[in-house]
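Side chains included, hydrogens not; waters and symmetry mates left out as well; all remaining heavy atoms used. Per chain, numbering begins at 1; letters A, B, ... match sequence-line order.
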2 protein chains.
Amino acid sequence: MTIYDISKKAGVSIATVSRVLNGSTNVKPKTRKKVMDIIEQYGYKPNAFARGLGLNSMKTIGILCADASDLYLAKALYYIEQNLRENGYNSVLCCTGYEMDSRKESLNLLLSQHVDSVVMVGSNFIMNNPEDNMYVNDAAASVPIMLLNADYDCNNVYCTLCDDYKATQDATEKMLNAGLKNILYLYNSNSYSGLKKLAGYQSALLSHDIAVKKEMLQCFKGSNEDIDGVKSFIEKLYLKGVKFDGIIASDDFLAVGAMNFARANKIKVPNELQIIGYNNSILTHCSEPPISSIDNRLEDMCIQLVKTLIGTLSQNEMPQKTIFSGELVERGSTKL
Amino acid sequence: MTIYDISKKAGVSIATVSRVLNGSTNVKPKTRKKVMDIIEQYGYKPNAFARGLGLNSMKTIGILCADASDLYLAKALYYIEQNLRENGYNSVLCCTGYEMDSRKESLNLLLSQHVDSVVMVGSNFIMNNPEDNMYVNDAAASVPIMLLNADYDCNNVYCTLCDDYKATQDATEKMLNAGLKNILYLYNSNSYSGLKKLAGYQSALLSHDIAVKKEMLQCFKGSNEDIDGVKSFIEKLYLKGVKFDGIIASDDFLAVGAMNFARANKIKVPNELQIIGYNNSILTHCSEPPISSIDNRLEDMCIQLVKTLIGTLSQNEMPQKTIFSGELVERGSTKL
DNA sequence: ATGAAAGCGCTAACAA
DNA sequence: TTGTTAGCGCTTTCAT
């Protein structure tokens, strides 16, 4: 069923059908109705390729994301896809994994599909080495690039992020003000936002004149599903004699591992050990007590990102950077 | 940059360029190299629309899924997208939510995009009322439909699923054999697989000559993030005097709620209460003891689904139904 | 208000 | 081995 079939059946030209389809005003109401009826009757749907060919846009946004099964990224994906669709855009998903080459390849794939824009979900798309980020510049030359949770200065690149630095700094400060002396910083990623969080932690310590001890910065290298691994990781530190009365984790799953460690070693939370996670995910509700966590307002960020994207595609001047502030949600794992 | 530009610069016809692009053998190596060089030099990428127009396929699969932020569905999405891309297909994601109308609308949207096939992820796309499923039949008239975790008889519809009936039956039997008398079945969905699980539970009871009591079948109506809600839900039953020494939950988050309930009420797990979840997700590792859970081999299912899909698209005759068997992963929440 | 026709970039059948 | 050309289904001028 094509526009030709419809035009024949309705006894008009294809141009008229096209006008009806695209809501042009220059159609006699009677003609419009006649065409509409035929369209409905045959359930005709215009061919998106042909339309795309002419307009050179298929109203499609490419979404790049390292791992759609990650709790946090999956949520982001969900919000973004919803918002895009409400604005009449489709989403092509591309999970890249965490390797550089795969990221570039996926990006090229999306660009060759003539997506109208690419959204990169997650801080891991921006590295520390400027050279490694040139692929973003290249892509931005052809379509607007939207970054969620990453900060990158480049023309045609728009960033929506949470001030992880400040959020972590605040949380650390609260722990210090509550009298904690040895706060362990537990992280698992050297991504941009990972480093920001770390910096926030360090800044809080320094402003309280506390030296940052190396043994208090611990990077867990395992997978983000391996809660048992996290537990043994902390246990090893503990047995080695590292003392800590507070833990700030860069992700909730690390915090859960910390909770499990505490329980296994009969360390009372929050009396002997206070724990703060990050992302405020469902994992915070699985332990007893429930885990305090930093909420970085993912949904708000996603909504804003799509707004900026739609604005940009409509040729409006949009802000290159939108920064939200995170917020500590206090639960039973802390006493601040 | 189009195929015409390339052909001019290379001094050949567009047909030759097209042949090089599509790896046709009928090109002199020298010519091929000449064309390739120009292509590389100018970074030319063929226009996917134009290609799609001609072939009426854009090598794109539509993925329908109620909620990409659901732990289980997100994982499925991840596996499927990966496998599809390895086979040269792109994935257009469409999160439908749990409402019927939205499902149909999303499906139509995908079909109008001329996707080569639609994958429906999750049992909630098939309802009990046959009329409600006609939209699947309609869609199957134009492209092959792949169902993950659902069973539906229709031409051009291919199902990949886990035998939830048997898995739940086995788990229930194990509990009965371990001497449990009052096993609560906790669920939250009347989807196809939800009902299968329920039936498996009932069958196990019956084969042990135990009547199925209505109060032992409890449906939690809240969101799948609301672990606290689950806890209070069970607590209410408990306070009402409902006695149970085992719980089979149709999803891990329900099992976590049950664990939290038990801890709050000083009920010892597994000595006084044994708990089994479903999906074997990361949530099983968050509690102490860790939660036994039924693993329905999601990754295997997804791999198989994509295999069947690719086979079907290549005009091979493929099985309409592939059934895996689930398996109980025993952890500390049971003593079987 | 409507129709005719050009063109979007590519593939594939047919010719040479 | 290579070139020519007719579509693919739609949008959009330009006539009428």
Using 0.5 Å steps for rounding, measure from the OG atom of B/Ser18 to the CD1 atom of B/Ile6. 12.5 Å
Check the distance between [N]'s [atom2] and [X]'s [atom1] and give it to me in whole angstrom.
X       : N      : atom1 : atom2 : value
B/Met1  : C/dC8  : CE    : C1'   : 16 Å
A/Lys45 : D/dC10 : NZ    : P     : 13 Å
A/Lys34 : C/dA1  : NZ    : C1'   : 12 Å
A/Asn47 : D/dC8  : CG    : P     : 11 Å
B/Ile3  : D/dT4  : CD1   : P     : 14 Å
A/Leu21 : D/dT12 : CG    : P     : 12 Å
A/Tyr42 : D/dG9  : OH    : C1'   : 19 Å

Checking contacts here: which listed nucleotide (C/dG3, C/dC10, D/dC10) is nearest the side-chain heavy atoms of A/Val12?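 Of C/dG3, C/dC10, D/dC10, C/dG3 is nearest to the side chain of A/Val12.
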Looking only at side-chain N and O atoms, does [Y] offer a donor or acceptor that is under 3.5 Å from a partner on [X]?
X        : Y        : result
B/Tyr192 : B/Asn133 : no
A/Asp67  : A/Ser69  : yes
B/Arg103 : B/Asn108 : no

Would you please confirm or rule out a distance under 4.0 Å between OP1 or OP2 of [N] and any side-chain N or O of [X]?
X       : N     : answer
A/Thr2  : D/dG9 : no
A/Thr16 : C/dT2 : no
A/Asn26 : C/dA1 : yes

Should A/Lys321 and A/Asp151 count as an ion pair when the cut-off is N to O under 4.0 Å? yes
Does any donor-acceptor pair link the side chain of B/Tyr4 with the base of C/dC8 at a separation under 3.5 Å? no
Classify B/Phe49 by what it touches in the nucleic acid, base, sugar-phosphate, or nothing, heavy-atom distance under 4.0 Å. nothing
Run the numbers on B/Lys75 and A/Glu225 for salt bridge (Lys or Arg N to Asp or Glu O under 4.0 Å), then give the verdict. CA-CA 12 Å; B/Lys75 263 216 143 72; A/Glu225 299 248 299; 2.8 Å; yes
Give every residue pair that meets the salt bridge (charged side-chain N to carboxylate O under 4.0 Å, His left out) criterion with at least one member in residues 2-28 of chain A, sequence neighbours excluded.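 Matches after skipping sequence neighbours: none remain.
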Is there any protein nitrogen or oxygen under 3.5 Å from a nitrogen or oxygen in nucleotides 12-16 of chain C, and what are the pairs?
none

